[in-house]
Amino acid sequence: MGDLFLVRHGETAWSRTGRHTGLTDVPLTEHGREEARQLVPLIRSHRIGAAFSSPLQRARETAELIGLHEVRADADLKEWDYGGYEGVTTVEIHRERPDWFLFTDGVAPGPPEHPGETPEQVGERADRMLAKVDAAHANTEGCVVLVAHGHFLRVLTARRLGLPPSAGALFQLATGALCRLGTEHGRHVIAGWNIRPGS
């Protein structure tokens, strides 16, 4: 089975200020675009068999800027639906809930169009996406690339390693970073994390 590459989209104005950015479709900043462009040599050094992207513009533009072609948009790659915490920072949430932790507590309910997701619901989406990754590996040669969002990719990593969704808390993921999940002796492993040129 080929490697799985995870790319978190480049910086946005909301990610720069720590606002929870779930389904709000904010664009990349110019710095975020530059973060994406810097990944081009890392991506070009591998044979890509299939590529998927979140349909949100910050991920789609990142995929384009890193030179991926024939990218399939997939709604399962959207960021965590933060519900009532959309656009709110962790510092602000802690003023009312000092012990709140996203990966175990989930989010406050939001409006009908984005009611919020539990960690388990995000884990279910990650499992569906990993099934699509496995199908792509079975039908193509080369690596599979997913371009998506920080919290979602952290949960997906946990699920790939056989861990519960809450274990996504263990994998800090920077904007504009590349991660590589591979195998060793038939088991899924992290082969590289938060990779950037020169790192």
Side-chain angles (χ1 to χ4, degrees), residues 6-29 31-33 35-36 51-65 68 71-133 145-160 163-177 179:
L6 311 178
V7 177
R8 183 181 175 192
H9 63 76
E11 178 196 79
T12 68
W14 280 27
S15 68
R16 185 177 60 227
T17 56
R19 296 173 70 182
H20 284 92
T21 318
L23 306 184
T24 303
D25 206 6
V26 296
L28 297 176
T29 62
H31 176 69
R33 293 184 185 97
E35 286 181 317
F52 298 86
S53 170
S54 160
L56 297 172
Q57 66 173 318
R58 58 193 184 272
R60 286 187 292 108
E61 186 177 8
T62 297
E64 191 176 298
L65 288 168
L68 295 176
V71 180
R72 291 176 258 180
D74 195 301
D76 279 335
L77 284 171
K78 285 183 179 177
E79 180 59 296
W80 199 312
D81 179 351
Y82 296 120
Y85 291 156
E86 182 76 9
V88 183
T89 68
T90 298
V91 170
E92 291 168 328
I93 296 167
H94 281 169
R95 289 183 190 137
E96 294 184 8
R97 297 178 64 184
D99 297 325
W100 175 80
F101 188 55
L102 173 67
F103 289 95
T104 53
D105 299 328
V107 299
E113 60 272 19
H114 63 94
E117 287 180 296
T118 65
E120 293 73 24
Q121 288 171 320
V122 179
E124 289 168 7
R125 280 201 290 120
D127 289 345
R128 287 198 303 267
M129 196 65 231
L130 288 168
K132 296 170 197 176
V133 167
V145 181
L146 304 181
V147 183
H149 311 273
H151 284 145
F152 176 77
L153 290 175
R154 291 168 69 173
V155 171
L156 182 137
T157 297
R159 297 301 301 137
R160 190 57 152 181
L163 302 171
S166 60
L170 301 172
F171 309 110
Q172 187 181 53
L173 181 52
T175 57
C179 303

Does any part of the side chain of [Y], heavy atoms only, come nearer than 4.5 Å to the side chain of [X], both counted from C-beta?
{"X": "Val71", "Y": "Val147", "result": "no"}
{"X": "His20", "Y": "Val107", "result": "no"}
{"X": "Cys179", "Y": "Leu153", "result": "no"}
{"X": "Arg58", "Y": "Thr21", "result": "yes"}
{"X": "Thr24", "Y": "Arg19", "result": "no"}
{"X": "Leu65", "Y": "Leu28", "result": "yes"}

Side chain to side chain contact (heavy atoms under 4.5 Å, CB included) involving Gln57 - partner list, sequence neighbours excluded: Asp25, Pro27, Arg60

Pair Glu11-Thr29, side-chain donor/acceptor within less than 3.5 Å: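 Present: a donor and an acceptor within the cut-off.
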
Does a donor on one side chain and an acceptor on the other come within less than 3.5 Å for Ser54 and Glu79? no

Heavy-atom pair of closest approach, residues [X] and [Y]:
{"X": "Leu170", "Y": "Arg154", "result": "N-NH2, 4.5 Å"}
{"X": "Ala148", "Y": "Ala59", "result": "CA-CB, 4.3 Å"}
{"X": "Gly84", "Y": "Val88", "result": "O-CG2, 4.1 Å"}
{"X": "Pro165", "Y": "Ala158", "result": "O-CB, 4.5 Å"}
{"X": "Thr104", "Y": "Ser166", "result": "CG2-CB, 4.2 Å"}

Before you tell me yes or no, could you show the steps for Thr89 and Thr17 under side-chain contact (heavy atoms from CB on, under 4.5 Å), namely the whole-Å CA-CA distance, both residues' side-chain angles and the distance that decides it to 0.1 Å? CA-CA 8 Å; Thr89 68; Thr17 56; 5.8 Å; no

Check: [Y] main-chain N/O paired with [X] side-chain donor or acceptor under 3.5 Å:
{"X": "Arg125", "Y": "Lys78", "answer": "yes"}
{"X": "His94", "Y": "Trp100", "answer": "yes"}
{"X": "Glu86", "Y": "Gly22", "answer": "yes"}
{"X": "Thr62", "Y": "Gly10", "answer": "yes"}
{"X": "Arg8", "Y": "Ala177", "answer": "no"}
{"X": "Glu117", "Y": "Asp81", "answer": "yes"}

Spacing of [atom1] belonging to [X] relative to [atom2] belonging to [Y], to within rounding of 0.5 Å:
{"X": "Thr175", "Y": "Arg16", "atom1": "OG1", "atom2": "CZ", "result": "10.5 Å"}
{"X": "Leu146", "Y": "Phe152", "atom1": "CG", "atom2": "CZ", "result": "8.0 Å"}
{"X": "Arg128", "Y": "Asp76", "atom1": "CZ", "atom2": "CG", "result": "4.0 Å"}
{"X": "Arg160", "Y": "Leu130", "atom1": "CZ", "atom2": "CG", "result": "5.0 Å"}
{"X": "Thr90", "Y": "Arg95", "atom1": "OG1", "atom2": "CZ", "result": "11.5 Å"}
{"X": "Ser15", "Y": "His31", "atom1": "OG", "atom2": "NE2", "result": "8.5 Å"}

Could you give me the CA-CA distance, side-chain angles and deciding distance for Tyr85 and Leu102, then say whether side-chain contact (heavy atoms from CB on, under 4.5 Å) is met? CA-CA 10 Å; Tyr85 291 156; Leu102 173 67; over 6 Å; no

With under 30° as parallel and over 60° as perpendicular, where do the rings of Phe101 and Phe103 fit, or are they tilted in between? tilted

Take a 6.0 Å sphere around CD of Gln172 and say whether it holds more than 12 heavy atoms from other residues, nucleotides or ligands.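 Open.
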
Mark yes when over 12 heavy atoms from residues, nucleotides or ligands other than Gln121 sit less than 6.0 Å from its CD; otherwise mark no. yes

